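Residue numbering restarts at 1 for every chain, and letters A, B, ... go by the order of the sequence lines. Because the structure is a prediction, the values reported are computed rather than measured.
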Amino acid sequence: MASTPQTLFEKVWRAHEVSPESAATPAVLYIDLHLLHEVTSPQAFALLRERGISVRRPERALATMDHSIPTLTAQVFGGAPIAIDSAARQVRELEANCAEFGVELLGLQHAQRGIVHVIGPELGLTQPGKTIVCGDSHTSTHGALGALAFGIGTTEVAHVLATQCLLQSKPRTLGVNVHGRLRPGVTAKDLILAIIGRLGIAGGTGHVIEYRGETVRGLDMEERLTVCNMSIEAGARAGMIAPDETTFDYLARRPRAPQGAAFERALDEWRRLPTDTGARFDREVDFDAAAIEPMITYGTNPGMVIPIGGSVPAHGDDPAFAQALAYMGLTPGAAIKDQPVNVVFIGSCTNARLSDLRSAAAVLRGRHVAPGITMLVVPGSQDVKRQAEAEGLHQVFLDAGAQWRESGCSMCLGMNGDLVGAGQYAISTSNRNFEGRQGKGARTLLASPVTAAASAVRGRVTDPRELT
Amino acid sequence: MEPFTTLRSRTVVLPAANIDTDQIIPARYLTTTTRTGLGGNLFADWRYDAQGAPRADFALNRPEAQGCSILVAGRNFGCGSSREHAPWALYDYGLRAVVSTQIADIFRSNALKNGFLPVVVDEPTSAWLIAHPGADIALDVAAGTLTLPSGAAVEFPLEAFARHCLLHGVDELGYLLARGEEITAYERRR
Ligand code: SF4
């Protein structure tokens with residue numbers, strides 16, 4: 001009997017139903033991998049402690065430190081205390097919680113530490129067909145390998161610790177089909193910014209996105225991670241890409257992926273995951289990759305985005321739009337190109353993997369950042385940092401006048417003191433340009449690593465194609 | 001969790017669309033390791049001026065907003081990060097519900113786990129509420145209705161299980177823990 005064609009999402013969802021959704025109750029969904037960090041876990045461990053509950057499957061949890069930790073080497077590796085007391089407290093608390101509850105921790109000085117969404121794939125823990133959660137909305141990143149991965153709140157962190165399960169209503173599916181070739185100088189970051197610009201920041205609410213089409217098939221794994229990372233910026237809790245040879249090649253070298261015969265067995269399962277021909281999505285949208293330009297945001301949410309050669313739009317009498325532009329200090333109708341910038345940040349779970357650093361370094365090699373520019377390059381993990389250093393990329397950044405830091409979230413959310421000043425313009429490879437996200441009064445322009453690097457050289461918003 | 005059956009209150013209105021969790025509680029206040037005490041920094045960057053003094057023109061700071069427990073907000077409230085600190089801060093401040101035409105998924109899920117009611121209404125109802133700050137309205141969880149001062153009742157969606165948890169003050173953890181045998185059976189059959 002031929003079974004009904006299913007989407008990738010449906011296959012993963014069904015395989016994890018401890019019990020399906022009913023009219024009276026949500027589904028009980030089993031979670032394969034639970035990632036934890038220092039900012040959204042303390043209250044969850046406290047809840048377990050209050051109720052005298054232990055962690056059901058500690059071997060399915062992995063903790064690290066990324067959000068509030070320092071990126072200055074002395075503060076990470078000793079020699080100087082962590083400058084921010086509350087961060088130091090969160091570090092100590094996560095160490096104590098992991099020790100008490102038996103959860104593995106890649107702590108502050110661990111060689112494999114990094115941004116939680118960078119290290120999951122890097123270690124090979126993120127695998128096709130898995131359910132993955134973390135108390136962080138960019139957990140959507142892991143969907144790039146064909147996992148169902150989404151962010152949860154702290155109460156749910158406690159649920160997963162206690163029961164390895166979550167209560168979930170089944171989301172709808174949204175197929176995002178991308179066809180054609182990205183043009184030179186146009187990156188995966190530009191692609192996802194263009195998608196968000198069209199869908200709107202609530203366009204994916206209630207949905208899981210599957211990115212499809214030959215453009216997506218042609219992306220390498222790090223590019224796919226960038227795309228899935230920003231699914232939440234379109235309102236979708238999860239974004240997925242069907243696993244294929246690119247995925248399998250990427251995983252084959254990873255320390256925590258299945259090895260040898262186990263890897264072969266896993267491959268058999270993974271190959272069955274892609275969406276069946278004829279499977280239906282609740283909604284579908286199509287994109288032409290060849291029409292996409294390097295993109296940059298001009299406003300205070302990631303949907304406020306334009307091609308780099310474009311002008312800041314005018315939105316009649318919408319007061320919220322006017323407020324966003326007032327916050328940004330930008331005028332409707334003005335070109336975004338040549339807008340002066342003060343700070344350049346290359347980092348975050350969106351764009352701080354090795355390929356991102358390579359592409360930024362390629363722009364900066366033999367060049368210097370413009371006078372007065374502060375530029376921070378913060379690798380996504382310690383592993384990325386080591387690899388970049390082995391290739392000499394750090395020297396390119398340092399020679400160009402940028403700062404080279406230890407890994408962490410850093411200026412993406414400015415919890416650790418890496419801040420953009422009030423009124424300053426930052427061109428940032430991160431994912432959120434909300435008011436105050438990078439510091440009170442900070443004005444964030446989101447863009448790709450090459451656009452950020454080119455803009456650092458000129459000290460103003462620059463189309464990267466002009467510098468290559 | 002306290003049971004949540006009905007609530008009657010005047011409203012306080014923040015008309016902006018896309019109020020994200022970084023506005024509700026900026027990242028620099030996520031340094032707590034407890035759930036309480038965040039209310040003082042709710043909407044910190046909008047509520048206080050550079051010197052830390054309350055801004056008289058911000059809706060929550062107006063005298064008539066004091067004691068209101070229902071927030072009316074523009075479309076797509078609570079978008080952005082998964083920080084549960086957002087509903088914790090709203091609750092700690094004394095708010096108990098938000099009314100909007102659209103509420104972001106993770107915020108909604110977090111809110112329900114903390115006895116903070118996400119109320120999604122149609123465009124005309126929202127527009128009326130935004131135009132009438134201080135309106136005296138009532139929320140009924142069992143009926144799933146919002147009653148306007150005119151007496152007109154507007155329905156809002158609420159999943160059966162979420163309604164049950166709110167009405168009885170049940171938390172989901174207890175429910176999940178009671179499913180332990182099923183979870184074990186699932187782990188065995190994989
Ligand atoms: S880098 Fe930014 S978006 Fe990514 S996990 Fe850290 S704070 Fe969140």
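Contact annotation: the side chain of T155(A) never approaches that of N110(B) to less than 4.5 Å [non-hydrogen atoms, C-beta and beyond]. Between S82(B) and E156(A), the closest side-chain pair of non-hydrogen atoms is not below 4.5 Å.
Counting only distance, with no hydrogens or angles, the side chain of Q23(B) and the backbone of E435(A) share a donor-acceptor pair below 3.5 Å.
Between chain A and the options Q102(B), R163(B), H164(B), the largest number of non-hydrogen pairs under 4.5 Å is found for Q102(B). Between chain A and the options A185(B), A17(B), P15(B), G80(B), heavy-atom pairs under 4.5 Å are most frequent for G80(B). Interface summary for chain B: among T25(A), L167(A), T40(A), the most heavy-atom pairs under 4.5 angstrom belong to L167(A).
Only the side chain of L47(A) has a heavy atom closer than 4.5 Å to any heavy atom of chain B. Of the atoms belonging to A87(A), not a single heavy atom falls under 4.5 Å from chain B. Neither the backbone nor the side chain of S68(A) comes within contact range of chain B; no heavy atom of the residue lies under 4.5 Å from a heavy atom of that chain. With a 4.5 Å cut-off on non-hydrogen atoms, E38(A) does not touch chain B at all.
Counted by atom type alone, R179(B) and S19(A) present one or more donor-acceptor pairs between their side chains at under 3.5 Å.
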*What do the steps show when you test E187(B) against R56(A) for salt bridge (charged side-chain N to carboxylate O under 4.0 Å, His left out), and what is the final call?*
CA-CA 12 Å; E187(B) 285 173 329; R56(A) 182 181 173 98; 2.8 Å; yes

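What you find for I106(B) and R237(A) is that their closest heavy atoms are CG1-NE, 3.6 Å. V18(A) approaches E182(B) most closely through the heavy-atom pair CG1-O, 3.7 Å. Counting all heavy atoms, side chain and backbone alike, I103(B) lies closest to T205(A) at O-CG2, 4.2 Å.
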